[in-house]
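Numbers restart at 1 for each chain; the letters A, B, ... are given by sequence-line order, proteins then strands. Computed from a prediction, not measured in an experiment: that's the story for all the values here. Values below: all heavy atoms of this structure, side chains included; hydrogens, waters and symmetry mates excluded.
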There are 2 protein chains.
Amino acid sequence: MPAPDRTAAKEKFMAFLEEKNLRITTQRRAIVDTVFGTDQHFTAEQLLEWARERDESVSRATVYRTLPLLTESGLVHEMDFGKDYKIYDPNYADHPNHNHIICDDCDKIVEFESNKLDELENEISHKLGFSVKSQQLRINASCEEMKKLGECKNKGL
Amino acid sequence: MPAPDRTAAKEKFMAFLEEKNLRITTQRRAIVDTVFGTDQHFTAEQLLEWARERDESVSRATVYRTLPLLTESGLVHEMDFGKDYKIYDPNYADHPNHNHIICDDCDKIVEFESNKLDELENEISHKLGFSVKSQQLRINASCEEMKKLGECKNKGL
DNA sequence: AGCAAATCGAGACAGAGTCTCATTATCAAA
DNA sequence: TTTGATAATGAGACTCTGTCTCGATTTGCT
Ligand SMILES: [Mn+2]
Ligand SMILES: [Mn+2]
Ligand SMILES: [Zn+2]
Ligand SMILES: [Zn+2]
């Protein structure tokens with residue numbers, strides 16, 4: 001996947017705030033700069049830590065208040081990987097509907113997109129009398145490297 | 001989907017326990033009878049409540065200790081529907097790989113199976129150097145009834 | 001500057017799930 | 001059937017993620 005334009009995402013979010021008559025505060029700026037300054041998936045707690053490196057005054061409450069705005073804007077995607085915390089994906093607006101394969105042995109995560117999959121989901125949903133609003137496919141798998149090693153060196157790759 | 005043989009599932013689980021040198025206690029029996037006595041999806045807390053109707057002495061701890069055994073045995077499936085609790089599906093061994101469409105408006109859940117989907121997942125995974133161990137597709141959608149009503153009467157159906 | 005409304009941080013709170021530990025139940029062997 | 005090693009139990013303390021409250025502050029607009 002090509003490198004996305006993070007500046008554009010940030011500006012879109014600022015416009016989103018303005019449209020809803022929400023204010024641009026220094027804490028929100030720190031959070032937003034953090035979110036759109038990385039390609040990585042992150043947790044709420046990681047976001048708090050990173051944002052605090054930019055502005056020490058950012059609180060947990062503000063992070064948790066800002067995350068729903070980010071997802072509502074469509075620029076960040078909230079995901080479940082079967083853990084007891086949520087994972088956020090800042091690289092979403094550029095790759096809508098992408099999904100993930102997770103290696104259970106080494107925790108490696110690979111992203112993919114598939115038009116065939118999207119079509120199939122629409123087809124199935126239509127047959128059952130639904131219209132798709134969103135979807136999330138998680139494939140838990142074993143990667144080649146792990147098969148070769150024959151042994152689980154967790155997080156060793 | 002045809003009505004599954006719940007007695008068989010229960011016996012399989014008892015065999016699973018014996019194989020692992022685990023004991024068959026009255027509390028486990030109450031839990032297992034509950035699990036394989038329903039077709040419905042349930043939460044851990046619901047299972048506790050239902051099992052206590054059979055044996056008042058069943059504790060929360062024992063329910064939470066038994067659930068991993070049930071999933072490990074492959075007879076019950078653990079799922080994420082984006083809530084902050086897990087949902088369990090006792091109707092799994094008979095319909096492996098089935099997935100779910102959830103109506104965001106009325107919380108209706110419909111199950112489906114698709115060979116095409118399974119094949120596509122295997123194909124994609126193989127291309128990326130993985131071999132599938134398990135998968136979970138969640139489609140959030142809007143159902144026909146809700147579209148007709150035009151308004152969200154939550155849980156009204 | 002001056003004001004109303006949005007936002008803030010701290011920390012109390014909530015809910016799902018885990019862990020500890022003293023006690024009890026299981027089950028195979030004697 | 002007794003016995004004993006050990007698996008399993010319940011109560012409740014605890015952890016962790018996430019939410020809510022509230023008094024104090026900041027923002028954006030005139
Ligand atoms: Mn991703
Ligand atoms: Mn199901
Ligand atoms: Zn791997
Ligand atoms: Zn509906």
In terms of hydrophobic clusters joined by side-chain contacts under 4.5 Å, are A:Phe36 and A:Met14 together? yes
How many whole angstroms separate atom CG of B:Asp80 from atom C1' of C:dA16? 13 Å
Under 3.5 Å, is there any donor-acceptor pair linking the side chain of A:Arg65 to the base of C:dG9? yes
Check whether A:Met79 and B:Met79 end up in the same hydrophobic cluster, where Ile, Leu, Val, Met, Phe, Trp and Tyr are linked by side-chain heavy atoms less than 4.5 Å apart. no
Taking the nucleotide of DNA chain C with the closest heavy atom to each, which residue, A:Arg60 or B:Glu45, is nearer the 5' end? A:Arg60
Under 4.0 Å: is that the gap between some side-chain N or O of A:Thr25 and OP1 or OP2 of C:dC8? yes
Does A:Thr26 reach a base, just sugar-phosphate, or nothing at all? Heavy atoms under 4.0 Å. sugar-phosphate
Fit a plane to each ring of A:His98 and A:His41, take the angle between them on a 0 to 90° scale, and name the class: parallel (under 30°), tilted (30 to 60°) or perpendicular (over 60°). parallel
Report the residue (B:Glu18 or A:Ile24) whose heavy-atom-nearest nucleotide on DNA chain C is the more 5′ of the two. A:Ile24
Check the distance between C:dT26's P and B:Arg23's CZ and give it to me in whole angstrom. 9 Å
Count the heavy atoms belonging to other residues, nucleotides or ligands that lie under 6.0 Å from NZ of A:Lys133, then report whether that count exceeds 12. yes
Figure out the CZ/P separation between A:Arg29 and D:dT27, and round it to whole Å. 8 Å
Rounded to whole Å, NZ of B:Lys83 lies from C1' of C:dA14 at a distance of 17 Å
Establish whether the base of D:dA8 is bridged to the side chain of B:Arg28 by a donor-acceptor pair shorter than 3.5 Å. no
From CZ of B:Arg52 across to C1' of D:dA11 the rounded distance in Å is 10 Å
Nearest-angstrom distance from the residue atom CG of B:Asp84 to C1' of C:dG17: 11 Å
In Å and rounded to the nearest 0.5 Å, what is the CG to OG distance from A:Asn97 to A:Ser134? 8.5 Å
Rounded to the Å, how far apart are A:Leu48 CG and C:dG11 P? 14 Å
Looking only at D:dG18, C:dC8, D:dG10, the nucleotide nearest the A:Gln27 side chain is C:dC8
Proximity to the side chain of B:Tyr64 - top-ranked nucleotide from D:dT9, C:dC19, C:dA16: C:dA16
Measure from the side-chain heavy atoms of A:Ala61 and tell me the nearest of D:dT17, C:dG11, C:dC19. C:dG11
Give the rounded distance in Å between these two atoms: NZ of B:Lys20 and P of D:dA8. 10 Å
